[in-house]
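Step one of this worksheet: look at the structure below.
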Amino acid sequence: MFIDPEEESDIVSNLKSCICLVLQLVIIYFLYWVFFIPLDRVRQLEEVGWNHLRHKRLWKQKIQMSRSLRKSGKYPRPFPNGWFVLAESRDVGVADVQQVDALGKNFAVYRGKSGKVFVTDAYCPHMGANLCSGGRVENDCIKCPFHSWAFNGESGECESVPYSNSNIPKNAKLKTYLSLEQNNLIYVWHHNQDEEPTWFPELIDEINNKSWIYQGRSEYYVNCHIQEIPENGADSPHLNSVHFTGIVGGGEPGKLKEYFTQFFSTHAWEAGWEPTDRAHISRVRLCHSMKLFNKIQLFNLKLEAFQIGPASVHLHFNSMLGRGVMIQSILPVKPLVQKLVHTFYTERTWLPPYGKLVLLGESIHLERDIRVWNSKVFLGSPVLVKEDAPILKFRRWYSQFYTDNHIKSIELDW
């Protein structure tokens, strides 16, 4: 078949135009993502910390087996007393109902028509229907999807039974939980003996008055007891072992990556943990420096992290582009499964690409910790040296969040 040279030239020209158009669209989308879309890095439980099993066949089953066969050890109670982040404000719109399963409970989290957030038990006391599965919000009440009983989100009292003319039973009451919304997060109070709170989460004014901007978030699921995550703050010797290699080595660097990347970039750390004059808050002072080619110091950053209760950390820092804060929130989904979220806010002087880079770097370092947490066992009486003294001090401080110092064996029923 003969093709006219002019037609062939037109086809080639049109093909080049299409390719150029596609490339332009890809570049435009990439630039739009870099500058206007906050980072949202989410990793499931099997995605991080299991590289030592990935070379094997049926690796997902190997991970499951490794988790179930791990030495159980003696753990503190799985759910300490304190405030826990159930959801982020942006995820619960007006009249939205979300189910959150955590702390050994099933919660219904919803936002009333007034804009206020309520946290209740997920199950209707009438016939046990799940309020999150088809439940509707009416004013500040939640209506059961089964028989349309309506419950006040504040008191839990039943306000209407649409098909009945008789008096509403006095025990027709939905269990409610003390909650509050601040820092663009929704907190719930949990106490094993239902005592009232003696302290509250710290308010970050710059987030609540919207003078700082949201740069993004990361979300991970970790296979460990909740205490092991904040305990890292008092374990300063681990920093130069786990976090020495540059972030170009990734979250789970092997021997070759560690060997070659150390010639390009390395990290150095100094840290100190201490309690504060407020019983429920402790502090970590951290100095983080990074070198290129073991000679050029790229930055020397001083940070201050506040552990607030058993499950929250506010990491404050100054950089060449201004101030910022990273909020770490831990939510026990199961006794040995934690939802670990970091939300990141900065002054408006921060360029979004730099904000993404910082959050990505933090995520890579976090994945190196997760690799350890996923497979370690908690030791109630570890063998320590003098330099490990802050770990014991931390454990004494953290023990205040348990109803007692009860140590138990947790069944690994996956």
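We number each residue from 1, following the sequence as shown.
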Fill in: Electrostatic pair E46:K62 at N-O distance under 4.0 angstrom
no
Worksheet item: Are more than 12 heavy atoms from other residues, nucleotides or ligands located less than 6.0 Å from atom CG of N209?
Response: yes
Discussion item. Any salt bridge linking E274 with R285? Criterion: basic side-chain nitrogen under 4.0 Å from a carboxylate oxygen.
Written reply: yes
Worksheet item: Are K113 and E138 within salt-bridge range, i.e. N to O under 4.0 Å?
Response: no
Worksheet item: Is R136 close enough and on-axis enough to Y110, meaning under 6.0 Å and within 45°, for cation-pi?
Response: no
Worksheet item: In terms of heavy-atom contacts, does CZ of F306 have more than 12 from other residues, nucleotides or ligands at under 6.0 Å?
Response: yes
Worksheet entry | Min side-chain heavy-atom separation D369-N232 under 4.5 Å | yes
Worksheet entry | Minimum heavy-atom distance L239-A271, with the two atoms named | CD1-CB, 3.7 Å
Worksheet, complete the sentence: Tightest non-hydrogen contact, residues Y75 and E228, listed as CE2-OE2, 4.2 Å
Discussion item. Is it the case that atom OH in Y163 sees more than 12 heavy atoms from other parts of the structure closer than 6.0 Å?
Written reply: yes
Fill in: Closest non-hydrogen atom pair between E159 and C141, with its separation
OE1-SG, 3.2 Å
Worksheet item: Would you say Q61 has more than 12 foreign heavy atoms packed within less than 6.0 Å of its CD?
Response: yes
Practice prompt. For residues F84 and S329, determine if any side-chain heavy atom of one lies less than 4.5 Å from a side-chain heavy atom of the other.
Written response: no
Worksheet item: What heavy-atom pair brings P125 and K173 nearest, and what distance separates the two atoms?
Response: CG-O, 3.5 Å
Practice prompt. Examine H280 together with W83 and report whether their ring centres are nearer than 6.0 Å.
Written response: no
Item to complete: Please determine if E231 and R395 form a salt bridge, counting it only when a charged side-chain N lies under 4.0 Å from a carboxylate O.
Response: yes
Worksheet item: Would you call the rings of H126 and W149 parallel, tilted or perpendicular, where under 30° means parallel and over 60° means perpendicular?
Response: parallel
Discussion item. For the aromatic rings, using the six-membered ring if either is Trp, is the centroid distance between F378 and W373 under 6.0 Å?
Written reply: no
Worksheet item: Is the backbone N or O of G49 less than 3.5 Å from a side-chain atom of E367, with the two atoms forming a donor-acceptor pair by type?
Response: no
Discussion item. Using a 6.0 Å cut-off, check whether atom CZ of F200 has over 12 heavy atoms from anything other than its own residue.
Written reply: yes
Worksheet item: In terms of the angle between their ring planes, are H316 and H314 parallel, tilted or perpendicular, with boundaries placed at 30° and 60°?
Response: perpendicular
Discussion item. Whether K175 engages the ring of Y177 as a cation-pi pair (distance to the six-membered ring centre under 6.0 angstrom, angle to the ring normal within 45°) should be assessed.
Written reply: yes
Discussion item. If you take the centroid of each ring, where Trp contributes its six-membered ring, are H243 and H288 closer together than 6.0 Å?
Written reply: no
Discussion item. Could you check whether D40 pairs with R217 (Lys NZ or Arg NE/NH1/NH2 to Asp/Glu carboxylate O, under 4.0 Å)?
Written reply: yes
Worksheet item: At their closest point, which heavy atom of A305 faces which heavy atom of L315, and how far apart are they?
Response: CB-CD1, 3.7 Å
Worksheet item: At their closest point, which heavy atom of R67 faces which heavy atom of W50, and how far apart are they?
Response: CG-CH2, 3.5 Å
Item to complete: Test ring-ring contact (aromatic ring centres under 6.0 Å, His included) on Y398 and F401 and set out the steps.
Response: CA-CA 6 Å; Y398 197 87; F401 304 116; 5.6 Å; yes
